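Here's the structure we're looking at; comments come further down.
This structure is a prediction, so every number in the text was calculated from the model and none was measured. Numbers for residues simply follow the sequence, beginning at 1.
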Amino acid sequence: MVAKVVDLRSDTVTKPSDAMRAAMAAADVDDDVLGADPTARRFEAEMAALMGKEAALFVPSGTMANLVSVLVHCDVRGSEVILGDASHIHVYENSGISTIGGVHPKTVANNPDGTMDVDKIIAAIRHRGGALLYLTTRLICLENTHANCGGKCLSVEYTDKIGEIAKSHGLKLHIDGARIFNASVALGVPVDRLVKAADSVSVCLSKGLGAPVGSVIVGSKAFIDKAKIFRKTLGGGMRQIGVLCAAASVAVRDTLGKLADDHRKAKALAEGLKNIKQFSVDSASVETNMVFFDIMDPRISPDRLCQALEQRNVLAMPASSKSVRFVLHYQISDSDVQYALTCVEKAVEELLKGGTKFEHLTNGTTKHSYGH
């Protein structure tokens, strides 16, 4: 018998539900590059309506969704985008906006809550009168929820304010909404209202929502028409993607109502971790499905802790050289949370005794496995 694994590495690790697999098997499909896949077209229309935008486009990944969005908004060489210094686009997406798009990132420091100071955003905008010497600012990017800031939510008031700034300066606003539904649920704000100020939004289907593959981009019809061209250029034009869209449709239908429970279990996990004196945990800062904690004892490293946990079939990843991240998802139960806490306590005890050996570890956890 294979022992159950409690996988807290990311909410990307969920397996397709039986309902998703059934929908995939039954999907009505055709060639999407030719615009003929009925399931894809129906799902894109549903997502556009849900997000309050004119149109949507399915793409293979969140990284491609953000890259395509930046390329559409910054299709003139010498463009610059303002974004957070800890944002996923800037840190974890292989600098695609620069290496592929020739777009320069102008970083502004992210605050602990995921925001950027409004005055610093305004100061970063290039004046058009300096175009002879400087790049031209064309885009501002926000991230909601903000992964590197503990899954924090950006408020609708803040997003609206940045939208006003963008509009007043002739710029566009893109939201990396990989976990935008988590933010919507946590804030109690309908998702279409939360992104109303945005010209485009990327939505990951394989994170909190639990679909096996894919993201969608939403925006105006003109934006999506251009996005289709860039998707094809990047190799993201696929054929019978209705198979994937069918699973994603089930994920949206079945998992949205479970996100609040993910948040509750994350809070419970954080409260339990607070009882371990070698850790520093701010449970009050847990807003969605992510729990970050710092290790205060120099005898315990994040890598060694994750390795010790793996020996007990609890999977996690370091968040930095001094911290670890746990991510909850709908396939983690309350009993899984309690089991994980028990294993963390035992792992800490063993590490402090110095008696743990690490062999045959297979989950791919490394010192640099951050950002998922």
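At a threshold of 4.5 Å between non-hydrogen side-chain atoms, the residues Ile276 and Glu345 count as touching. At least one side-chain heavy atom of Arg193 sits less than 4.5 Å from a side-chain heavy atom of Asp160. Two residues are said to be in side-chain contact when any heavy atoms from C-beta on lie closer than 4.5 Å; Val76 and Arg138 meet this criterion. The shortest side-chain heavy-atom distance between Asn110 and His146 falls under the 4.5 Å cut-off. The shortest distance between side-chain heavy atoms of His329 and Val13 falls below 4.5 Å. Residues Met116 and Tyr158 meet the side-chain proximity criterion, which asks for heavy atoms closer than 4.5 Å. For the pair Pro60/Met238, a side-chain contact is recorded, criterion being any heavy-atom separation below 4.5 Å from C-beta on. Put simply, the side chain of Leu171 does not reach to within 4.5 Å of the side chain of Leu139, judged on heavy atoms.
Taking 4.0 Å as the cut-off between side-chain N and carboxylate O, Arg21 and Asp18 do not count as a salt-bridged pair. The residues Asp192 and Lys196 are annotated as not salt-bridged, no charged nitrogen and carboxylate oxygen being separated by less than 4.0 angstrom. One finds no salt bridge joining Lys265 and Asp336 here, because no Lys/Arg side-chain nitrogen approaches an Asp/Glu carboxylate oxygen to under 4.0 Å. Using a 4.0 Å cut-off between charged nitrogen and carboxylate oxygen, Asp32 and Arg231 count as a salt-bridge pair.
One N or O on the side chain of Ser168 and one on the backbone of Glu164 form a donor-acceptor pair closer than 3.5 Å. Within the 3.5 Å criterion, the main-chain N or O of Ala198 finds a donor-acceptor partner in the side chain of Lys53. Formation of a donor-acceptor pair under 3.5 Å by the Asp31 side chain with backbone atoms of Val33 is found in this model. Remark: the backbone N or O of Leu154 is paired with a side-chain donor or acceptor of Asn144 at under 3.5 angstrom.
In this structure, Phe292 has its ring center no closer than 6.0 Å to that of Phe326.
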- Message: Checking Thr63 against Ser61 for the side-chain hydrogen bond (donor to acceptor under 3.5 Å, both in side chains) test, could you report, in this order, the C-alpha distance in whole Å, the side-chain angles of both residues, the deciding distance, and whether it holds?
- Response: CA-CA 5 Å; Thr63 295; Ser61 71; 4.8 Å; no

- Item | Derivation of the side-chain hydrogen bond (donor to acceptor under 3.5 Å, both in side chains) call for Gln240 and Asp37 | CA-CA 6 Å; Gln240 288 75 32; Asp37 190 295; over 6 Å; no

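Between Phe58 and Phe43, the ring planes are perpendicular. Angles over 60° get that label, and only those under 30° would be called parallel.
Pairs engaging residues 189-228 under the ring pair (Phe, Tyr, Trp, His ring centres under 6.0 Å) rule: His73-Phe223 [sequence neighbours left out].
Between Thr136 and the options Arg128, Arg126, His104, Arg77, a side-chain contact (heavy atoms from CB on, under 4.5 Å) holds for only Arg128.
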